[in-house]
Amino acid sequence: MSLEKFKTIKAFFIFEKETGNTLFTRSYETQDTTTPDAHLVVAFLTAMFSFAKSSSLSELRVVDMTDLRFSFIERDDLVFAILASPLVSPLDLQFKLTTITSLFLAEYGLQVKEMQLVDTEVFEAFKSHVDEVFLGETREMLSSSKNAALFYLKKLVQQNDIGARGAMIVSFTGDILLEYRMDQTRMAGAIRLLNVSTYMRNLRYLVVSSEATNLVAYKISEGLLLYVDGDPTSGLENLVVKVSETVRKVKEIIPH
Amino acid sequence: MSKGKEIKHILKLLLLGDGAVGKTSLILRFIENRFSEDYQMSLGVNFLTKTVKFIDIKNIQRTASLQVWDIAGQARHVSYSHLYLKGALGAFYVFDLTRRETLLHMQERWQSQVLKVSPQCMSILIGNKADLTKDRVLSASQSKKVQEAMHAIDYIETSAKTGENVNEAFQTMTTRILNLTPKKFL
């Protein structure tokens, strides 16, 4: 299964909140997706902000549609918005959006304030930063470490007695770094669970048991988690023990 | 320079260190003079600005606009960290006095990464949560050894909760970067 859907950023926009004037756009078209027209998107988002304001709704951060996830940050009268696949982790979007917002304001914040008319060419050089952030990894791993870690994931899943059906390694924001036989629906659910961990200090492991899965999330090292999807008809305790053993092995091959 | 003249500076400062050591709390204490007991992990990097004014020993009024960057604990692992580390003139390496592991590897994990992209960056080592005296596991002499190894210009113990030494740490960094002796902070 391709991880593409869990990573696809479709477009990024910066526009003035009040007027809807667009300062910056960047789109990433893939084979199976087309990016909506920038003017339509900005008009839609501006209308949504007005609606939220007039309805006294709290600050908008993420809006989900069937085929799209919008994530926003509003700062200094500007709106920074990402359009992504609905399977991209909201935490990862937030991490990247916060970072790109800070980089933009540090570089152009004063200029924007002083601008009488928007000259989008001023921001041309910012494209390379945007590409680097959106196409980069939130938890960089050497490909040699990835290959070695994948070996341990396969070994874990191929043990018949513990009921492990799939495994993946993700960053703390839900950026999937590698996976082996993970079910797509449970992958999406697992990524959503990460929201919980941002409210905890130094999470060690998390277990969720349902009729569909025994899901174990185990911290490997700072910013890195191993997720294992277990068959709920198998014992949970044995699964957790085996997962912790795999984590110990993966730790040894990942530089801290 | 004549008496009464004002000179302005813009300085980019970084706060780095492991997760939950109190970087965001130190910035909030310094910029907004507030503290929150609730913990929430920082996502991504963020910056806030504050202007510091002082008169130097030549009686020149100095205004330093500090751009203080809060580098999330996990942000050292991202593939694009050089984008926000570059151009920094000062870095506070923050650890938690109640958690030994947060001081270990400070140099390899954080400082080496900063110096790669900002080689002139000045360092101060910060031991935070100094108010938690009963839980403290690190002595000042242990921390000073790390300070020396890092060639940090100072080691300061702070408490974002009480405000102890927070302004002093930023004032020290500002005046040392500008290579000035302050007479009075305004």
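To find a chain, count down the sequence lines: A is the first, B the second, and so on, and within it residues start at 1.
Side-chain contact check for A:Phe104 versus A:Arg75: every heavy-atom pair is 4.5 Å or farther apart.
Counting heavy-atom pairs closer than 4.5 Å to chain A, the top residue among B:Trp69, B:Tyr80, B:Tyr84 is B:Tyr80. In terms of non-hydrogen atom pairs under 4.5 Å with chain B, the most contact-rich of A:Leu103, A:Val133, A:Thr101 is A:Val133.
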| message | For A:Glu137 and A:Ser171: C-alpha separation, side-chain torsions, deciding distance, then whether side-chain hydrogen bond (donor to acceptor under 3.5 Å, both in side chains) applies. | response | CA-CA 9 Å; A:Glu137 283 186 336; A:Ser171 77; over 6 Å; no

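Figure legend: B:Lys50 and B:Phe30 shown as a cation-pi pair, the cationic atom lying under 6.0 angstrom from the six-membered ring centre and within 45 degrees of its axis. Figure legend: cation-pi geometry between A:Arg26 and A:Phe80 absent, as NZ or CZ is not positioned both under 6.0 Å from the six-membered ring centre and within 45° of its axis.
With a 4.5 angstrom heavy-atom cutoff, A:Thr173 touches chain B only via side-chain atoms. In this structure, chain B has no heavy atom under 4.5 Å from any part of A:Leu97.
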